[in-house]
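Residue numbers count from 1 along this sequence. If you're wondering where the values come from, they're calculated on a predicted model, not measured in any experiment.
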Amino acid sequence: MNKPKKTLFAEAMEQHKGIVFKIVNSYCQNRDERQDLAQEILTTMWLAYDNYDNEHKFSTWMYRIALNVAISYYRKDSKRVGRASEDEECLVHIADFSQQEERGEEVMLLYRFIGQLDTLNKAIMLLYLESEPYDSIAHSLGMSKTNVATRISRIKETLKKQFESQDV
């Protein structure tokens, strides 16, 4: 017996909801914006669900759509940058809130440093930290594998310098 499309979509979203959490928390500074972006991502995924090619990993497809929506959403309103108050300031939470645990100081610094990256480099690091292969990152972001490798290397060097300047 075949499950209805709506049920399959809901199951896939439940299984991979951490992807949406990671992306909205990386690109938005306050709760309302995160909710708006999450809704926009899920709506776009629902509309594109019929076009999913099951020859590719679902998570890769989902990352690609979610990141593209987040980047477009972020660019639509340049006023988003710096609009949050200090108490709403976003540290990048690269984790599903339902599984959030205490984090060490170094991990919190890493999240803050990644949050300061531009939108494309932030997307690259999100995928890299999920252990996505360079080919997959390149495919998801529409760039070459060489460009991904170069950017990751440069980002790592930047993050290393930031950590060294913090004396952690």
Side-chain angles (χ1 to χ4, degrees), residues 2-78 80-81 90-100 107 110-156 158-159:
N2 289 337
K3 292 182 182 180
K5 174 183 159 184
K6 186 175 180 178
T7 303
L8 292 171
F9 180 78
E11 288 173 356
M13 290 302 107
E14 181 62 31
Q15 183 180 358
H16 298 285
K17 67 184 175 185
I19 292 171
V20 176
F21 284 123
K22 290 170 194 170
I23 291 171
V24 299
N25 286 298
S26 295
Y27 284 87
C28 294
Q29 297 187 0
N30 68 49
R31 188 172 47 104
D32 291 338
E33 287 178 352
R34 288 191 296 264
Q35 289 174 340
D36 289 348
L37 178 56
Q39 184 173 9
E40 199 164 321
I41 288 170
L42 292 173
T43 300
T44 302
M45 285 182 184
W46 171 251
L47 295 172
Y49 190 62
D50 287 336
N51 297 325
Y52 167 64
D53 179 1
N54 60 6
E55 288 185 22
H56 301 287
K57 286 177 25 180
F58 185 81
S59 60
T60 301
W61 175 83
M62 193 169 171
Y63 261 117
R64 183 176 191 153
I65 289 176
L67 286 169
N68 286 332
V69 171
I71 290 168
S72 295
Y73 181 85
Y74 185 79
R75 287 180 180 161
K76 275 184 199 173
D77 185 3
S78 61
R80 290 185 207 288
V81 177
C90 176
L91 293 181
V92 178
H93 297 288
I94 305 178
D96 180 340
F97 283 138
S98 66
Q99 298 174 5
Q100 194 170 20
V107 175
L110 175 63
Y111 294 161
R112 186 175 330 127
F113 296 154
I114 291 172
Q116 295 168 356
L117 296 172
D118 65 52
T119 56
L120 182 58
N121 287 337
K122 193 182 302 183
I124 289 169
M125 288 309 293
L126 283 172
L127 293 167
Y128 176 76
L129 291 172
E130 282 293 311
S131 301
E132 288 288 328
Y134 287 13
D135 286 339
S136 176
I137 295 171
H139 177 74
S140 294
L141 299 177
M143 54 194 330
S144 72
K145 181 179 172 182
T146 304
N147 194 347
V148 169
T150 301
R151 283 178 177 262
I152 288 172
S153 177
R154 289 178 182 161
I155 294 167
K156 284 180 173 181
T158 299
L159 294 174

Can you name the side-chain contact (heavy atoms from CB on, under 4.5 Å) partners of [X], sequence neighbours left out?
| X | result |
| --- | --- |
| Ala12 | Phe58 |
| Glu11 | Lys3, Thr7, Leu8 |
| Leu159 | Leu110, Phe113, Ile114, Met125, Ile155, Gln162 |

If you count heavy atoms of other groups shown closer than 6.0 angstrom to CD of Gln35, is the number above 12?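 Yes, enclosed.
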For atom OH of Tyr128, decide whether the heavy atoms of other residues, nucleotides or ligands shown that lie under 6.0 angstrom number more than 12.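 Counting other residues, nucleotides and ligands, OH of Tyr128 stays at 12 neighbours or fewer.
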Distance, nearest 0.5 Å, that separates [atom1] of [X] from [atom2] of [Y]:
| X | Y | atom1 | atom2 | value |
| --- | --- | --- | --- | --- |
| Ile19 | Leu127 | CD1 | CG | 9.0 Å |
| Lys57 | Glu132 | NZ | CD | 4.5 Å |
| Glu14 | Lys17 | CD | NZ | 4.0 Å |

Between Asp36 and Tyr73, what is the shortest heavy-atom contact and its length?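 Here Asp36 and Tyr73 meet closest at CB-OH, 3.3 Å.
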How would you list, by chain and number, every residue that makes a salt bridge (Lys or Arg N to Asp or Glu O under 4.0 Å) with Lys156, sequence neighbours excluded?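 Residues passing salt bridge (Lys or Arg N to Asp or Glu O under 4.0 Å) with Lys156: none at all.
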Can you list the steps and then say if Ile124 with Met143 is a side-chain contact (heavy atoms from CB on, under 4.5 Å)? CA-CA 11 Å; Ile124 289 169; Met143 54 194 330; 4.0 Å; yes
Could you name each residue pair satisfying side-chain hydrogen bond (donor to acceptor under 3.5 Å, both in side chains) that touches residues 143-152, not counting sequence neighbours?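 Listed once each, the pairs are Asn121-Arg151, Asn147-Arg151.
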What pairs meet the side-chain hydrogen bond (donor to acceptor under 3.5 Å, both in side chains) rule with one or both residues in residues 41-56, with sequence neighbours excluded?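 Found Lys5-Asp50.
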For residues 60-70, run the donor-acceptor check on the side chains, cut-off 3.5 Å, and write out each pair with its distance to 0.1 Å, sequence neighbours left out.
residue : atom : partner : partner atom : Å
Thr60   : OG1  : Ser136  : OG           : 3.4
Arg64   : NH1  : His139  : O            : 2.8
Arg64   : NH1  : His139  : NE2          : 3.2
Asn68   : ND2  : Arg64   : O            : 3.1

